[in-house]
**Student:** 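Structure in structure tokens, see below.
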2 protein chains.
Amino acid sequence: MAQARKYAGGVDGNRSLERGIEILRAFRPGVDTLGNGEIAERTGLPRSTVSRLTRTLVYSGMLDQVRSERAYRLAASVISIGHAMRTGSPVLNAIGPMMRTESARRRLNVGLATADRIMMVYLESIRYSPRAALRNVVAGQQVPMELTSLGRAYLAGIAETDRERLLKQFRRRSAAATRTLLAEVRRSISAVERDGYCAVSWQPAVVAVATPIVIEGLPVYALNMSLQNVERSDALASELGAYLNAFAAKCREVLGDREPR
Amino acid sequence: MAQARKYAGGVDGNRSLERGIEILRAFRPGVDTLGNGEIAERTGLPRSTVSRLTRTLVYSGMLDQVRSERAYRLAASVISIGHAMRTGSPVLNAIGPMMRTESARRRLNVGLATADRIMMVYLESIRYSPRAALRNVVAGQQVPMELTSLGRAYLAGIAETDRERLLKQFRRRSAAATRTLLAEVRRSISAVERDGYCAVSWQPAVVAVATPIVIEGLPVYALNMSLQNVERSDALASELGAYLNAFAAKCREVLGDREPR
DNA sequence: CGCTTAATTCCACTCAGTGGAAACGGCGAG
DNA sequence: CTCGCCGTTTCCACTGAGTGGAATTAAGCG
């Protein structure tokens with residue numbers, strides 16, 4: 001007996017590790033410090049267990065202990081692992097420089113993202129600013145999958161079964177207004193299949209278009225372009241879409257992609 | 001009996017979590033994918049254990065599985081956690097914008113780092129480039145502690161006991177040329193105590209100066225300024241040092257620091 | 001189509017991990 | 001300065017989660 005925690009398919013994993021990771025995830029952007037009590041609350045783990053696991057995470061260098069307020073914060077190790085991730089990403093290595101060039105040429109924002117559970121996370125987000133000196137590059141920022149062009153392009157790129165599982169999670173999450181939202185998502189997915197991209201402006205005065213990047217043996221990515229401080233217009237969206245399709249074609253060529261989808 | 005893994009001081013922690021984190025750490029910049037065998041080799045863990053732990057890490061979203069080459073790579077989750085760390089860092093929030101301004105004003109590189117074991121890791125590294133459009137911001141990059149101004153300033157800022165423990169680890173690491181190296185490190189520490197900063201050029205044609213930032217309840221940070229493509233000169237170093245001291249004073253004021261050290 | 005090499009699964013053993021309860025300790029009020 | 005409160009840490013007996021060596025399976029190669 002005792003085959004540890006079973007995952008789908010009857011294979012086993014490690015409970016403590018899973019819990020430890022869940023504790024790290026409890027630190028979301030915006031919270032600087034968390035005490036054991038608050039972690040226990042957020043994760044649903046027993047207090048004594050949290051106490052032991054946070055100690056281990058401190059020992060392993062993933063958390064810094066703030067004795068004065070009996071709390072913890074994420075340690076610098078996590079960004080060095082994050083840096084290793086970005087450095088190792090073949091997609092980012094291949095098209096990151098192209099994205100910078102394109103952003104400068106077209107004078108718009110260019111981003112590359114993939115999924116983290118039900119959020120999209122930017123591997124790179126190049127924010128174009130007319131004050132050229134202030135070009136800003138952000139990585140790791142999360143945006144909601146179901147509300148963004150990035151997320152919907154991703155959904156259009158993944159396998160049917162994975163997509164349905166995610167759609168179910170959106171429904172569970174926001175009980176209200178879900179009927180129309182899901183319909184919108186499906187419409188965006190159709191748009192990707194028809195035009196190669198989808199357009200969404202989930203934030204006021206921003207128009208964004210995105211397209212999936214599907215490469216064998218890698219997670220599905222989504223590439224986007226966006227412009228701020230504009231009024232929403234279909235003409236603009238299709239202009240951006242044309243730029244994006246052209247750029248994505250170049251990227252797919254470099255990446256040795258099979259389906260332009 | 002059985003009080004789990006004992007840490008220094010007789011307190012216990014969690015072995016599996018510790019091992020899982022060690023597996024994540026095995027992915028360093030430069031390696032894109034690792035197989036279970038290679039992980040086992042790098043971490044010294046039994047193969048079957050690695051197999052189980054990597055499965056858990058995949059399930060938890062920290063690793064992506066690359067079935068085609070029976071390998072794993074770091075997943076996007078790690079950068080979203082890294083982003084949360086940067087977002088939550090009160091020091092970076094406070095002085096990050098100041099660092100950008102200063103970099104533009106003085107036309108040089110400005111960086112903020114802290115320690116990850118025996119490496120220094122940049123929370124932010126603003127690379128000044130004369131071709132202004134190409135200003136580059138990097139986070140998470142690691143540089144060796146004992147060889148850099150950043151690392152030596154850090155060493156000057158931490159408690160005596162911690163410092164000695166680290167120095168011992170440098171000795172263990174590189175058997176050769178350690179005598180002179182350690183002496184150099186100690187000289188840099190004295191320089192910090194005397195001048196407020198230390199200067200090192202561990203890379204050719206780069207002059208760098210750094211100073212520690214010590215704040216109650218937070219890890220010790222180090223702030224640096226550097227210039228590329230210059231010939232090493234003491235005059236330049238002391239000019240940079242003066243700039244750095246002035247800037248660090250402003251930062252310490254904003255941060256409510258106690259010891260300018 | 002066997003052979004080599006590496007990853008995964010099996011399995012019996014046992015100690016690492018668990019969580020409820022008790023002890024501790026910091027802090028504010030009186 | 002002391003008392004009481006509340007969150008954190010430690011204790012401890014129990015046990016099943018985790019372990020790792022051996023067997024098995026799967027993938028690549030000649």
Side-chain angles (χ1 to χ4, degrees), chain A residues 1-24 26-27 31-60 62-73 216-217, chain B residues 1-24 26-27 31-60 62-73 216-217:
Chain A
M1 217 217 297
Q3 210 50 250
R5 261 297 182 277
K6 299 272 185 184
Y7 293 152
V11 281
D12 55 22
N14 183 295
R15 183 171 58 156
S16 315
L17 176 53
E18 213 174 307
R19 289 171 160 189
I21 299 296
E22 228 41 57
I23 288 176
L24 289 180
F27 291 83
V31 304
D32 52 339
T33 64
L34 285 178
N36 278 335
E38 204 165 352
I39 294 173
E41 209 171 319
R42 285 176 183 239
T43 57
L45 298 174
R47 290 166 166 252
S48 52
T49 300
V50 170
S51 183
R52 254 175 295 115
L53 293 181
T54 50
R55 180 187 301 126
T56 302
L57 288 169
V58 169
Y59 177 83
S60 295
M62 303 301 284
L63 293 180
D64 284 333
Q65 190 163 17
V66 190
R67 289 188 190 280
S68 57
E69 33 178 322
R70 335 191 101 226
Y72 304 89
R73 64 161 47 93
E216 181 67 25
Chain B
M1 216 218 296
Q3 210 50 251
R5 258 301 182 278
K6 299 272 184 184
Y7 293 153
V11 282
D12 54 24
N14 182 296
R15 183 171 58 156
S16 315
L17 176 53
E18 214 174 307
R19 289 172 159 188
I21 300 295
E22 227 42 58
I23 289 177
L24 289 181
F27 291 84
V31 304
D32 53 338
T33 64
L34 285 178
N36 278 334
E38 204 164 353
I39 294 173
E41 208 172 319
R42 286 177 183 236
T43 57
L45 298 173
R47 288 160 169 261
S48 50
T49 300
V50 170
S51 182
R52 255 175 296 115
L53 294 181
T54 50
R55 180 186 300 130
T56 301
L57 288 169
V58 169
Y59 177 83
S60 295
M62 304 300 285
L63 293 180
D64 284 332
Q65 191 164 16
V66 189
R67 289 189 190 280
S68 57
E69 32 179 321
R70 335 192 101 225
Y72 303 89
R73 62 162 49 93
E216 181 66 26

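The chains referred to below are lettered A, B, ... by the order of the sequence lines, with proteins before strands, and numbering in each begins at 1.
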**Student:** Could you report the tightest heavy-atom contact between A/Ala71 and A/Thr33, atom names first, then the distance?
**Tutor:**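 In terms of heavy atoms, the two residues are closest at CB-CB, 3.9 Å.
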
**Student:** Let me know the distance between CG of B/Leu17 and P of D/dG18, rounded to the nearest Å.
**Tutor:**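 The answer, rounded to whole Å, is 11 Å.
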
**Student:** What is the distance, rounded to the nearest whole Å, between atom CG of B/Leu45 and atom P of D/dG21?
**Tutor:**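 In whole Å, D/dG21 P lies 12 Å from B/Leu45 CG.
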
**Student:** Provide, to the nearest angstrom, the distance between the CZ atom belonging to A/Arg15 and the C1' atom belonging to C/dT18.
**Tutor:**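 To the nearest whole Å, that distance equals 7 Å.
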
**Student:** How far apart are the closest heavy atoms of A/Ala26 and A/Val31, and which atoms are they?
**Tutor:**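 So the two residues come closest at O-CG2, 4.4 Å.
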
**Student:** Give the minimum heavy-atom separation between B/Gly217 and A/Val66, together with the two atoms involved.
**Tutor:**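 Residues B/Gly217 and A/Val66, closest heavy atoms: O-CG1, 3.6 Å.
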
**Student:** Just the rounded figure in Å: distance from P of C/dG17 to CD of A/Glu18.
**Tutor:**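 Atom CD in A/Glu18 sits about 15 Å away from atom P in C/dG17.
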
**Student:** Minimum heavy-atom separation for B/Glu18 to A/Thr56, with atom names?
**Tutor:**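 Nearest pair, atom of B/Glu18 first, then A/Thr56: N-CG2, 4.0 Å.
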
**Student:** What's the shortest heavy-atom distance between B/Leu24 and B/Leu63, and which atoms?
**Tutor:**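 Looks like CD2-CD2, 4.0 Å.
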
**Student:** With a 3.5 Å distance limit and no angle check, can you tell me whether B/Thr43 reaches the backbone of B/Ile23 through a side-chain donor-acceptor pair?
**Tutor:**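 No; judged by distance alone, with no hydrogens or angles, the pair does not exist.
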
**Student:** Rounding to a whole Å, what distance do you find between B/Leu53:CG and C/dA16:P?
**Tutor:**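 From B/Leu53 CG to C/dA16 P: 15 Å.
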
**Student:** Nearest whole angstrom, please: distance from the P of C/dT9 to the CZ of B/Arg52.
**Tutor:**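 Rounding to the nearest Å, CZ of B/Arg52 and P of C/dT9 are 11 Å apart.
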
**Student:** Nearest whole Å is fine: how far is D/dT10 P from B/Asn14 CG?
**Tutor:**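 Rounding to the nearest Å, CG of B/Asn14 and P of D/dT10 are 15 Å apart.
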
**Student:** Are OP1 or OP2 of D/dT19 and a side-chain N or O of B/Ser16 less than 4.0 angstrom apart?
**Tutor:**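 Checking D/dT19 against B/Ser16, a side-chain N or O does come within under 4.0 Å of OP1 or OP2.
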
**Student:** Between protein and nucleotides 3-8 of chain C, what N or O pairs are separated by less than 3.5 Å?
**Tutor:**
unit_1	atom_1	unit_2	atom_2	d
C/dA7	OP1	B/Gly37	N	3.1
C/dA7	OP2	B/Gly37	N	3.2
C/dA7	OP2	B/Arg47	NH1	3.1
C/dA7	O4'	B/Arg70	NH1	3.0
C/dT8	OP2	B/Asn36	ND2	2.1
C/dT8	OP2	B/Ser51	OG	3.4

**Student:** Can you check the A/Arg42 CZ to D/dG7 C1' distance for me, whole Å?
**Tutor:**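 Distance check: A/Arg42 CZ to D/dG7 C1' gives 17 Å.
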
